[in-house]
Amino acid sequence: MRNYRNAFLLALVGNLVFIGILATFWWRSMHHPQAAEAVQPAVTNSPPGASEPAAMAPHEAALVPVELSPERLQSIGVRMGRVERKNVNDEIRVTGNVAVDETRLAYVQVRYPGYIEKVFADATYQYLRKGQPLFTIYSPDLAATEREYLVAKQNQQRVAGSTIPGLTEGAASLVEAATERLKQWGVPQSEITRLETTSQVQQELTVESSVSGYITERNALPNLTVQPETRLYTVADLSTVWVFAEVFQNDLGRIKIGDRAKLTVDAYPGRTFEGRVNFLYPQVEMATRTVRARVTFPNPGLKLTPGMFVTVALEAPQGKQLVIPASGVLQSGSRQMVFVNRGDGYLEPREVELGARSGDDFIVLKGVKEGEEIVTSANFLIDSESQLQAALGSFVPPPPGAGSTGATNAPQATAELTTDPNPPRRGSNLVRVKLAGTDGAAISGAEVSVTFFMPAMPAMGMAAMRTTPVALADKGNGIYEGSAQLESGGTWQVTIIAKKNGQTIATKQLSLNATGGM
């Protein structure tokens with residue numbers, strides 16, 4: 001019975017606490033509407049010659065210029081790179097497959113019907129030399145034409161001394177017609193010469209290869225009846241090959257016919273073949289989103305064979321372009337940002353529009369000018385500093401002449417903050433700042449302000465909160481005091497800014513934990 005009573009009491013207490021939290025949030029939203037408003041980005045004044053900050057989408061973090069001392073730049077490892085204009089030779093690495101050069105394919109056929117007797121080239125991928133015997137064929141039509149040639153030749157010889165007008169010319173025309181028919185049927189000149197010399201009809205004609213290369217297809221078989229349309233051999237000249245390179249459609253705009261290419265293959269480590277792009281197929285493969293580029297490669301030693309899987313590096317010259325180091329680009333949401341060095345530690349965030357990447361550089365289309373310097377290391381630290389200062393609204397534009405050789409970023413004073421009570425609490429607090437020079441001497445007559453900022457906590461339904469800058473009164477002996485009203489307990493980020501004679505002599509950022517709950 002006691003256990004049930006304890007459980008009931010615990011549940012009752014928990015419900016009361018939950019109701020109290022809800023009531024607190026309702027009271028704050030009704031009586032302090034300014035706490036529910038998001039902090040607006042600070043508006044900053046850029047030095048003469050600086051470009052206007054780019055418009056930002058609502059979800060993008062605001063950025064403002066930052067000013068860092070030489071010691072701070074060195075301590076966080078900031079390095080600079082220059083915006084240059086130079087010739088850009090891009091390289092696109094893709095995979096490909098070796099194929100036969102279709103312009104170097106040849107077919108062996110005869111132009112008359114007949115019957116194959118003997119076959120000499122009897123294996124696929126056998127290498128053929130031009131003029132090498134392939135097979136013998138018997139053709140009744142060819143034998144009849146050879147007899148016609150012999151008869152016309154004999155008649156020409158009989159009427160050679162005739163005085164009858166037109167008889168000699170007629171006999172000569174018959175011989176010429178028979179000779180032309182033999183040539184049209186592909187009978188070599190050597191066979192015509194033999195026929196004229198021996199006056200004997202050859203029953204079996206030997207057919208020779210008209211090209212050099214490898215047999216990739218063979219249909220010539222003994223006792224095969226052939227017609228003029230019968231394809232007996234396919235011969236490929238592999239001294240030059242095609243490579244079909246699969247190029248992603250994103251890279252297609254950088255490739256053009258005539259570009260140089262280099263090929264490597266695992267079978268021959270350390271060896272490179274050089275060729276050129278000679279055709280881009282006008283179709284995108286739907287499954288892989290690639291476009292086939294046809295590259296022609298000389299094939300010395302016939303090392304590249306059809307079907308071989310290779311790697312192709314396509315050289316894509318882009319001409320003279322404005323480039324920046326790739327390490328200097330900061331991807332910030334949907335934007336590409338760089339920090340431009342305006343001189344003496346003044347770093348300006350600037351949005352850029354980038355083109356293709358080339359090695360260690362990016363082609364830049366808009367946002368920077370030739371000769372400017374950008375940050376190439378510690379970008380994230382500078383970006384965080386810029387976002388924090390934008391959120392706090394604590395950026396103070398440098399005085400006129402900032403960035404010139406006469407300006408200095410060295411700190412001139414130190415600021416120490418205390419509160420009463422300590423730690424601070426929700427509600428009113430006394431804020432005290434002690435201002436001293438680098439030599440420890442108290443500084444009076446300065447303008448000192450303190451700003452409190454608490455980031456948003458979406459998980460708890462809380463928007464960001466920021467107090468208006470609290471101006472502290474000079475109490476003498478370097479002591480400055482003022483009252484700050486904190487709307488909630490929790491961790492507050494505090495920014496102290498001290499000015500004297502229009503110059504910022506001290507800045508400091510720290511965190512304080514306030515009591516009193518939310």
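Here, residue 1 is the first one in the sequence, and each next residue gets the next number.
- Partners of Glu180 according to the side-chain hydrogen bond (donor to acceptor under 3.5 Å, both in side chains) rule, which considers only residues two or more places apart in sequence or in another chain, are Gln184.
- Put simply, CZ on Arg218 and CG on Leu134 are 11.0 Å apart, with the number rounded to the nearest 0.5 Å.
- Here the CG-CG distance, from Leu417 to Leu512, works out to 6.0 Å after rounding to the nearest 0.5 Å.
- Counting non-hydrogen atoms of neighbouring residues, nucleotides and ligands closer than 6.0 angstrom, the CZ atom of Phe248 reaches no more than 12 such neighbours.
- Between the side chains of Gln109 and Glu229, no donor-acceptor pair of N or O atoms lies under 3.5 Å.
- By the side-chain hydrogen bond (donor to acceptor under 3.5 Å, both in side chains) test, Thr491 is found to be paired with Asn513, residues two or more places apart in sequence or in another chain being considered.
- A cation-pi arrangement is found for Arg292 relative to Phe244, the charged atom lying closer than 6.0 Å to the ring centre and inside a 45° cone about the ring normal.
- Only one option out of Ile116, Ile137, Val187, Leu232 pairs with Val207 in a side chain to side chain contact (heavy atoms under 4.5 Å, CB included); it is Ile137.
- Side-chain contact between Val494 and Val450: present, with at least one pair of heavy atoms (C-beta onward) separated by less than 4.5 Å.
- Lys508 NZ: more than 12 foreign heavy atoms inside a 6.0 Å radius.
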* May I have the step-by-step check of side chain to side chain contact (heavy atoms under 4.5 Å, CB included) for Phe362 and Val352, ending in yes or no? => CA-CA 11 Å; Phe362 269 116; Val352 293; over 6 Å; no

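- In this structure a side-chain-to-backbone donor-acceptor pair under 3.5 Å is missing from Thr495 to Gln509.
- Distance CD/Gln74 to CG/Leu68: 13.0 Å, rounded to 0.5 Å.
- Under the salt bridge (charged side-chain N to carboxylate O under 4.0 Å, His left out) criterion, Arg85 pairs with Glu370, not counting sequence neighbours.
- Pairs of residues two or more places apart, or lying in two chains, that qualify as salt bridge (Lys or Arg N to Asp or Glu O under 4.0 Å) and include a residue from residues 268-280 are Arg260-Glu274.
- A donor-acceptor pair under 3.5 Å links the side-chain atoms of Gln132 to the main chain of Arg129, judged by distance alone.
- Rounding to the nearest 0.5 angstrom, the gap separating the CZ atom in Phe453 from the OG atom in Ser511 is 11.0 Å.
- The side-chain hydrogen bond (donor to acceptor under 3.5 Å, both in side chains) test applied to Glu246 returns Thr290, not counting sequence neighbours.
- Annotation: side chain to side chain contact (heavy atoms under 4.5 Å, CB included) contacts of Asp259 (sequence neighbours excluded): Ile255, Lys256, Val277, Pro317.
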* Step-by-step side chain to side chain contact (heavy atoms under 4.5 Å, CB included) determination, Ile324 to Val368 -> CA-CA 9 Å; Ile324 57 176; Val368 292; 4.1 Å; yes

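- The shortest distance between side-chain heavy atoms of Thr234 and Leu105 falls below 4.5 Å.
- The stretch residues 295-314 participates, sequence neighbours left out, in these side chain to side chain donor-acceptor pair (under 3.5 Å) pairs: Asn278-Thr296.
- Look at Glu84 and Arg82 and you find no salt bridge, because none of the NZ, NE, NH1 or NH2 atoms lies under 4.0 Å from a carboxylate O.
- Among residues two or more places apart in sequence or in another chain, the side-chain hydrogen bond (donor to acceptor under 3.5 Å, both in side chains) test is passed with Arg93 by none.
- Residues passing the ring pair (Phe, Tyr, Trp, His ring centres under 6.0 Å) test with Phe273, sequence neighbours excluded: none.
- Pairs of residues two or more places apart, or lying in two chains, that qualify as salt bridge (Lys or Arg N to Asp or Glu O under 4.0 Å) and include a residue from residues 357-368 are Lys86-Asp361, Glu353-Lys366.
- Atom CE in Met337 sits 12.5 Å away from atom CD1 in Ile382 (nearest 0.5 Å).
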* To do: Assess whether side chain to side chain contact (heavy atoms under 4.5 Å, CB included) is satisfied between Trp242 and Val100, documenting all intermediate values.
  => CA-CA 6 Å; Trp242 284 352; Val100 175; over 6 Å; no

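- Surrounding CZ of Arg79 are at most 12 heavy atoms belonging to other residues, nucleotides or ligands under 6.0 Å away.
- Taking the side chain to side chain contact (heavy atoms under 4.5 Å, CB included) definition, one finds that Arg104 meets it with Asp101, Asp237, Ser239, Thr240, sequence neighbours left out.
- Residues Phe309 and Thr95 meet the side-chain proximity criterion, which asks for heavy atoms closer than 4.5 Å.
- Between Glu217 and Asn219, the closest side-chain pair of non-hydrogen atoms falls below 4.5 Å.
- Ion pairing of Arg350 with Glu372 is present here, as a side-chain N (NZ or NE/NH1/NH2) and a carboxylate O approach within less than 4.0 Å.
- Side-chain contact between Leu435 and Tyr480 is present, with heavy atoms from C-beta onward closer than 4.5 Å.
- The aromatic rings of Trp185 and Tyr112 sit tilted relative to each other, their planes meeting at an angle between 30° and 60°.
- Within the model, atoms CG of Leu182 and CD of Gln189 stand 9.5 Å from one another, a figure rounded to the nearest 0.5 Å.
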* To do: Give the intermediate values and the outcome of side chain to side chain contact (heavy atoms under 4.5 Å, CB included) for residues Ile443 and Ile505.
  => CA-CA 10 Å; Ile443 298 177; Ile505 60 174; 4.3 Å; yes

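- For Glu208, the salt bridge (charged side-chain N to carboxylate O under 4.0 Å, His left out) criterion is met by no residue, not counting sequence neighbours.
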